[in-house]
Amino acid sequence: MPTIGDQHIVKSYDEELKRLHDSLARMAGLAEAQLHKSVEALEKRDSDLAGQVMNADHEIDEIEHFINEQTVRVLALRAPVADDLRQVISALKVAGDIERIADHAANAAKRSLVLNQMPPVAPMRSLVRMGKLVAELLGEVLNAYLTHDAERALAVRSRDQEVDDLYSSLFREILTYMMEDARTITSCSHLMFIAKNIERVGDHATNIAEQTYFVATGRSLNDQRPKRDTSSFEGAVQE
Amino acid sequence: MPEAPTQNVAAESKMCARDVKVHYGEKLALKGVNLDFRPNEVTALIGPSGCGKSTFLRCLNRMNDTIGVASVTGQVTLDNDELYGANALDPVLLRMRVGMVFQKPNPFPKSIYDNVAFGPRIHGLYRDNDHLDQIVETALEKAGLWHEVKDRLYEKGTGISGGQQQRLCIARAIAVSPEVILMDEPCSALDPIATAKVEELIDELRENFTIVIVTHSMQQAARVSQRTAFFHLGDLVEVGDTEQIFTAPAQQLTQGYITGRFG
């Protein structure tokens with residue numbers, strides 16, 4: 001009676017898939033650290049740390065490049081099917097998401113350098129809270145992805161609403177500050193962009209959650225997740 | 001062992017197999033297969049050597065009759081006609097309606113023309129010689145071979161290339177206007193170009209025929225079929241749309257086999 005193992009009959013195929021997985025794990029770890037550091041740099045007004053984040057971004061870009069090449073190679077030479085196919089396709093997409101996440105972290109770090117040259121503004125506390133929440137969700141979803149844990153991924157996906165809620169209220173808070181004191185407009189504008197960066201990271205985390213579900217189950221999540229970010233309607237005339 | 005999948009598409013099926021079992025002497029080679037074949041679709045039968053896929057294919061036009069020790073039980077129908085049992089179709093008539101193409105091209109040691117004309121001749125399917133010429137031309141045309149052989153119709157069928165021989169065998173099979181064509185690894189002796197031509201042909205033939213193909217090449221099953229059935233140790237493990245089988249198979253066993261983690 002033949003048995004089905006985790007291993008392919010062709011060992012070098014396993015090695016290629018493992019290389020892909022390991023690269024993603026490394027990329028995920030780096031991106032998670034980048035986001036943590038950029039939030040910490042904001043919180044502690046630490047320009048050195050922000051500089052570190054900006055300098056480390058290229059490393060993630062290089063891993064993404066490697067994953068892209070490796071994916072094309074596996075598709076061309078191994079013609080993967082079933083769970084192997086899903087894993088390879090998702091690796092390509094998730095690497096793209098992680099690369100964007102790292103970009104957003106680097107962007108936030110860059111703006112924090114400007115913010116550090118100005119007096120602190122109060123909405124920073126809410127921004128840091130949102131940043132920590134997103135960093136936590138990102139860590140969760142990356143672990144879920146790397147272990148093919150669909151349930152854990154779905155839990156993260158449903159929590160993206162918390163991020164959207166925080167973002168919407170932060171948006172209003174920043175508007176209020178700018179209206180009250182025009183001297184805060186420069187720093188508040190930077191803050192607003194950083195908030196958008198972090199909110200986008202939450203969206204990429206949601207994408208990764210959806211890829212995790214696809215890898216684990218073979219089905220895609222196509223029900224529309226309710227969007228709770230209402231900032232796009234802020235200031236619009238009510239009909 | 002997972003339960004054999006059951007289907008509820010009998011009404012629209014061209015052929016139906018119900019609880020088909022095959023014994024080779026004492027050995028049970030096929031353990032009760034239920035499988036339907038829809039018209040104008042290509043169904044691929046895949047599975048490791050000895051899984052019963054070819055045995056099952058041969059049940060569909062009673063080729064197992066020729067093996068003395070083989071006994072077939074269960075029910076197979078073509079439209080509403082029985083293949084086995086008291087009211088069974090005459091095997092000669094059956095094989096006219098269910099044609100077969102084998103692994104190795106096996107043209108008769110006759111001319112290309114006579115190979116294709118063979119079936120219509122023995123079944124008396126033509127009015128006069130002009131009509132027979134026309135049947136031969138149409139069959140070669142459908143098999144994508146006409147333009148390559150039209151000036152050498154009276155040369156030996158065994159003298160053309162392997163790929164052409166296999167398409168000649170397909171022309172011979174379709175010359176009697178069958179309803180179903182069975183193919184047992186039709187490309188395993190062909191090079192990639194000849195294989196591509198046969199695969200393209202299978203896709204075209206689908207418009208007029210119901211096709212069942214046994215293949216060891218998973219990529220071929222993925223390329224040519226709309227439905228894929230996976231056999232293992234005499235059981236039908238899983239059948240489904242080819243796209244589903246190759247992206248998200250329902251059974252672990254199927255997944256193990258198609259991804260190459262079997263052993």
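What's counted below: heavy atoms across the whole structure, side chains too, no hydrogens, waters or symmetry copies.
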Trainee: Looking only at heavy atoms, which two atoms of A/L142 and A/A28 are closest? And how far apart?
Mentor: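 Closest approach of A/L142 to A/A28, heavy atoms only: CD1-O, 3.6 Å.
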Trainee: Using heavy atoms and a sub-4.5 Å threshold, report which of residues 71-81 of chain A line up against chain B, by residue number.
Mentor: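 Within residues 71-81 of chain A, the residues that come under 4.5 Å of chain B (heavy atoms only) are A/A79, A/V81.
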Trainee: When you check the side-chain N and O atoms of A/Q70 and A/E16, is any donor under 3.5 Å from an acceptor?
Mentor: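 No, because no side-chain N or O of A/Q70 sits under 3.5 Å from a partner of the opposite role on A/E16.
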Trainee: Output yes when B/R206 and B/E41 qualify as a salt bridge under the 4.0 Å nitrogen-oxygen rule, no when they do not.
Mentor: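 Salt bridge flag = no for B/E41 with B/R206.
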Trainee: Locate the shortest heavy-atom distance separating B/F246 from B/M218; write the atom from each residue and the value.
Mentor: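 For B/F246 versus B/M218, the nearest heavy atoms are CZ-O, 3.5 Å.
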Trainee: Taking NZ, NE, NH1 and NH2 as the nitrogens, is one of them in B/R261 or A/D83 under 4.0 Å from a carboxylate oxygen of the other?
Mentor: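 Yes, charged N to carboxylate O under 4.0 Å.
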Trainee: Taking A/V10, A/T217, A/D84, A/I89 one by one, which has the highest count of heavy-atom pairs under 4.5 Å against chain B?
Mentor: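 Ranked by contacts with chain B, first place is A/D84.
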Trainee: Using every non-hydrogen atom in the two residues, find where B/C59 and B/N64 come nearest and quote the distance to one decimal.
Mentor: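 Heavy atoms only, the tightest pair is SG-ND2, 3.3 Å.
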